[in-house]
There are 2 protein chains.
Amino acid sequence: MPKDSTPADVVTLDRYDRQILEILQHHGRINNQELAERIGLSPSPCLRRVRALEDSGLITGYRALVDAKRLGHSLTALLHISMDRHTPERFANFEAKVAALPQVQECLLITGQEADYQLKVVVHDMDDYQNLLLNQITRIEGVTGAHSSFVLRRVLEHRPVPSHPDTPY
Amino acid sequence: MPKDSTPADVVTLDRYDRQILEILQHHGRINNQELAERIGLSPSPCLRRVRALEDSGLITGYRALVDAKRLGHSLTALLHISMDRHTPERFANFEAKVAALPQVQECLLITGQEADYQLKVVVHDMDDYQNLLLNQITRIEGVTGAHSSFVLRRVLEHRPVPSHPDTPY
DNA sequence: CTTTTTTTGGCATATAATTCCAATATCATT
DNA sequence: AATGATATTGGAATTATATGCCAAAAAAAG
């Protein structure tokens with residue numbers, strides 16, 4: 001019987017699982033033998049734990065990271081979008097249109113008076129950006145405003161989600 | 001001799017490389033045999049290409065994706081930070097302080113009158129957020145303003161960087 | 001069309017993943 | 001502290017995958 005009640009879908013992890021998550025968030029393609037060695041377990045329980053973390057949905061997938069600049073996408077922008085009406089239809093339509101644009105790396109529905117969505121987009125240059133903004137995004141039904149910020153430098157990116165509870169100051 | 005001059009570090013890829021990048025950005029831990037099969041090559045040239053993409057720096061790494069909510073981080077926020085002075089020392093100090101906070105998933109230096117940095121942070125709840133904001137971030141030297149947005153829903157996340165040139169409208 | 005260069009496919013070998021089970025450790029209870 | 005029940009581990013055997021090599025095929029250059 002559990003000593004403490006936590007929401008059903010929030011998991012409790014021991015040190016091995018935390019180490020696994022930590023390492024896999026940095027080195028997603030590390031092999032199991034090396035991973036096992038690093039956490040101080042033999043390969044078979046280590047693999048079982050990784051599979052359990054995947055099956056439980058805690059690890060949702062693996063991604064290769066790609067250097068956008070080397071692919072010719074030298075401009076990254078944050079786009080704040082406001083909508084005229086906050087109806088499910090408006091939102092659903094916007095989201096579908098935006099999902100069809102390959103330049104959109106991320107789309108978040110956010111709070112705030114200034115915007116309803118934040119998009120992160122990558123493009124080749126300012127011309128492409130202008131084109132994307134004026135010919136694609138602002139033409140989506142219900143979009144009343146768009147405010148652009150450009151990413152000058154990526155200070156931190158893809159950092160691991162803490163597997164410990166938050167530090168209480 | 002190349003027919004066309006492109007910036008030295010921007011690469012040109014054939015269809016196999018593009019397929020590899022596309023697939024690995026979705027399934028970062030796919031095995032080489034499966035990958036080879038999907039792109040229509042035999043395993044050995046496929047692996048050679050993957051290694052070449054890694055060695056060239058086009059693939060910068062691999063990451064496991066973790067469900068933050070399942071780890072107890074139910075609140076994600078975007079924090080726009082403005083600084084008093086735009087000196088290298090101010091920036092370097094801010095960036096170092098922020099890098100020491102495990103809740104910070106991303107930190108971007110951006111253009112715009114409203115903010116100098118955008119942080120993406122994950123916390124357990126609003127109390128933790130308040131604590132992070134008031135006791136940690138706003139206390140960093142030079143921070144004059146902080147503006148919060150909360151993520152209501154992640155519409156799109158971790159989308160692949162397009163490996164084709166931008167669609168010209 | 002021929003030569004040169006690059007890339008591929010298949011095979012042999014090395015390395016890693018996976019399964020199974022006995023042994024060990026952990027936990028709750030008395 | 002001892003007991004029994006449960007969960008977890010480590011190692012060996014097996015299966016699957018990655019890696020290196022080379023001859024053959026393809027692509028590019030002349």
Side-chain angles (χ1 to χ4, degrees), chain A residues 1-6 8-66 70-71 163-165, chain B residues 1-6 8-66 70-71 163-165:
Chain A
M1 210 177 297
K3 300 181 179 181
D4 191 31
S5 86
T6 50
D9 53 347
V10 174
V11 290
T12 310
L13 304 171
D14 65 12
R15 88 177 179 87
Y16 291 127
D17 289 329
R18 277 195 288 267
Q19 280 184 278
I20 288 172
L21 289 181
E22 175 79 18
I23 294 172
L24 287 180
Q25 284 184 82
H26 284 289
H27 309 287
R29 240 190 149 165
I30 189 175
N31 72 49
N32 185 58
Q33 305 205 348
E34 168 102 21
L35 178 61
E37 199 171 313
R38 288 210 204 177
I39 70 174
L41 262 185
S42 65
S44 52
C46 179
L47 182 63
R48 264 192 304 264
R49 281 167 177 270
V50 173
R51 294 283 176 268
L53 291 169
E54 291 167 357
D55 294 346
S56 73
L58 231 153
I59 293 176
T60 57
Y62 298 89
R63 298 278 189 278
L65 301 183
V66 161
R70 296 286 294 277
L71 277 176
S163 50
H164 326 277
Chain B
M1 211 177 296
K3 299 179 176 177
D4 191 32
S5 87
T6 51
D9 54 346
V10 173
V11 291
T12 310
L13 303 171
D14 65 13
R15 88 176 179 87
Y16 290 127
D17 289 329
R18 277 196 288 268
Q19 280 184 279
I20 289 173
L21 289 181
E22 176 77 18
I23 293 172
L24 287 180
Q25 284 184 83
H26 283 291
H27 308 288
R29 243 192 147 163
I30 190 176
N31 71 49
N32 184 58
Q33 306 205 348
E34 169 101 21
L35 178 61
E37 198 171 312
R38 288 210 205 177
I39 69 173
L41 261 186
S42 65
S44 52
C46 179
L47 183 63
R48 264 192 304 264
R49 281 168 176 271
V50 172
R51 294 283 176 266
L53 291 169
E54 292 167 356
D55 293 346
S56 74
L58 231 153
I59 293 176
T60 58
Y62 297 89
R63 298 278 189 277
L65 302 183
V66 161
R70 296 287 294 276
L71 276 176
S163 50
H164 326 277

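For the atom pair A:I30 CD1 and A:L35 CG, the distance stands at 5.0 Å (nearest 0.5 Å). Rounding to the nearest 0.5 Å places CG of A:L13 at 9.5 Å from CD1 of A:I20.
Listed by first and then second residue, the side chain to side chain donor-acceptor pair (under 3.5 Å) pairs involving residues 35-52 of chain B are B:D14-B:R49, B:D17-B:R49, B:E34-B:R38, B:R51-B:E54 (not counting sequence neighbours).
Scanning residues 15-26 of chain B for heavy-atom distances under 4.0 Å to DNA chain D yields an empty list. Taking a 4.0 Å limit (strictly below) on heavy-atom distances, residues 55-65 of chain A does not reach DNA chain C anywhere.
Looking at residues two or more places apart in sequence or on another chain, you find a side-chain contact (heavy atoms from CB on, under 4.5 Å) between B:Q25 and A:V66, B:L21, B:P160, B:V161. B:Q19 meets the side chain to side chain donor-acceptor pair (under 3.5 Å) test with B:R15; sequence neighbours excluded.
The two atoms that bring B:R29 and A:R29 nearest to each other are CG-CG, 4.1 Å, heavy atoms only. Of all non-hydrogen atoms in A:I39 and A:C46, the two that sit nearest each other are CD1-SG, 3.9 Å.
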Open item on the list: One character per nucleotide, please: for nucleotides 14-28 of chain D, 5' to 3', B when the base has a protein heavy atom closer than 4.0 Å, S when only the sugar-phosphate does, - otherwise.
Closed with: ---BSSBB-------
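Whole-Å rounding puts the A:R49 CZ to D:dA7 C1' distance at 10 Å.
Applying the side chain to side chain contact (heavy atoms under 4.5 Å, CB included) test between B:R70 and each of A:I59, A:L53, A:L58 identifies A:L58 as the sole match.
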